[in-house]
Structures are given as structure tokens and as C-alpha cells.
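If you're wondering where the values come from, they're calculated on a predicted model, not measured in any experiment. We use all heavy atoms of the structure for the numbers below, so side chains are in, but hydrogens, waters and symmetry mates are not.
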Amino acid sequence: MRKPSADRVFTALLGLVSLIAGATLALVAYVLADEIGEDHRATLDRRVTAMVFDKRVVNEGGGPNGGTRTDTFVRYQVGDKRYTSTLRRGSSGGEVGDTVQVAYDSDRPERPYTVAYAESEPPSDASRITGVVLTSLFALAMIGGGAHFLFTGGGR
């Protein structure tokens, strides 16, 4: 029995890695497809007045805003419980000491969002469908190529 060449072993390993990557992408496509038509903004059913107690500029690297974002920290009370949290999905526009309206899900009051975000339109399903299709096609190519390399060792 002849020992397989290093090239064939490398090609078979490349095929195995491609199969795993393709399967992972297929799972990502499945999760993305499951979220089409869903948006959690509808669950942001409560409003409360919060006080801005801190704002911090965070350096994130590159990007359209010069690589920085401003985190707004708010304090508010729901019933008998007080919350301190980072305001999600955009700046409130308020400065330290200002009061602002925040939106939250009645089941998760510890996660406040800007009212502007809660009342905005969700992203179109067309962009989500495009993402699912492209991810699925790439997954299919990775699985097909991986199977070819794994089972043929790159040979004809």
C-alpha cells in the first residue's frame, strides 16, 4: 500500500476545514432566515423618564464616525426598583444632568432604549433575505468544494 503524498493529505485537510466552515455558514443562514419578519421594537411597550448621569466617548477603531461612539448612561426607576444602565441604540441627545424619555420591554426593564429607536421603522426584510441567500450560496460552495477536496484529495 502506497503512502499518500503530503499534497493529498493537505488537500484532504483543506476539504475538511471547508466542510466545517460551510456547515457553520449553513447554520448562520438558518438562524438569519428564522429572524426574517421579526423585530423586537414592538416589545418596547413602556416609557419612563431617566436621568443622564454620564456620557463616555469610546474608541472602537475605524468607521464612519471616526472610530468613536458616545455611550450614554442613565438612571431610572420602575416601580420600587432602581436601574442604572447604558442607553441602547443611539444617543439620547441629552447631556449629563438632563432627563430623557427611554423605552423598555416590560419583561426586561433593565435594558433601556432610546424612544427614537423604539418608534423607528425596522430594517426591510429585503436586506435580510439578501443576506440569507448570499450566506446560503457561500455555504453551499464551501460544502461542495470541501467535499470534492476531502473525497478526491484534489485529484481528478
Side-chain angles (χ1 to χ4, degrees), residues 1-48 50 54-74 76 78 83-93 100-156:
M1 188 161 132
R2 211 173 99 192
K3 183 178 173 184
S5 70
D7 287 344
R8 284 192 175 260
V9 170
F10 174 75
T11 305
L13 284 174
L14 182 65
L16 182 62
V17 169
S18 294
L19 276 174
I20 292 169
T24 302
L25 283 172
L27 287 173
V28 168
Y30 176 77
V31 169
L32 290 174
D34 193 44
E35 292 180 1
I36 291 175
E38 290 185 16
D39 188 68
H40 78 280
R41 292 167 220 242
T43 66
L44 301 175
D45 56 350
R46 303 290 170 95
R47 306 287 188 268
V48 68
D54 194 10
K55 289 188 103 156
R56 296 182 195 154
V57 176
V58 179
N59 187 355
E60 294 182 314
N65 298 328
T68 62
R69 73 170 195 273
T70 302
D71 286 345
T72 302
F73 296 88
V74 294
Y76 56 99
V78 175
Y83 296 95
T84 301
S85 185
T86 304
L87 191 56
R88 290 164 174 74
R89 302 296 180 172
S91 174
S92 68
V100 294
Q101 285 290 308
V102 298
Y104 65 92
D105 180 339
S106 56
D107 293 333
R108 297 186 74 187
E110 73 280 359
R111 297 178 56 95
Y113 291 83
T114 62
V115 171
Y117 171 76
E119 294 175 351
S120 66
E121 290 294 318
S124 74
D125 284 340
S127 62
R128 292 179 178 180
I129 291 169
T130 302
V132 168
V133 168
L134 292 175
T135 303
S136 298
L137 288 173
F138 194 62
L140 187 61
M142 293 292 288
I143 291 171
H148 170 73
F149 285 130
L150 181 64
F151 297 123
T152 65
R156 294 192 163 117

OG1 of T114 to CD of Q101: how many Å apart, nearest 0.5 Å? 12.0 Å
Scanning both residues in full, the closest heavy-atom pair of V74 with P112 reads CG2-CG, 4.1 Å
Among L140, V28, L27, exactly one meets side chain to side chain contact (heavy atoms under 4.5 Å, CB included) together with T135. Which residue is that? V28
Heavy-atom closest pair, residues Y104 and P109: CD1-CA, 3.5 Å
Between A103 and L44, the two heavy atoms sitting closest are CB-CB, 4.3 Å
Any side-chain heavy atom of D105 within less than 4.5 Å of one from R111? no
For a quick test of reading the model, state the closest non-hydrogen atom pair linking T152 to R8 and the distance between them. O-NH1, 3.2 Å
Quick check on F138: does its CZ atom have over 12 non-hydrogen neighbours (other residues, nucleotides or ligands) under 6.0 Å away? no
Distance in Å, L150 CG paired with I20 CD1, rounded so as to fall on 0.5 Å steps: 9.5 Å
Minimal non-hydrogen separation, L87 against Y113, with atom names: CD1-C, 3.6 Å
Would you check if the side chain of D45 reaches a backbone N or O of S106 as a donor-acceptor pair within less than 3.5 Å? yes
Identify the two heavy atoms, one from G15 and one from F149, that lie closest to each other, and give their separation to 0.1 Å. CA-CB, 3.7 Å
Would you call L19 and I143 a side-chain contact if the rule is heavy atoms closer than 4.5 Å? yes
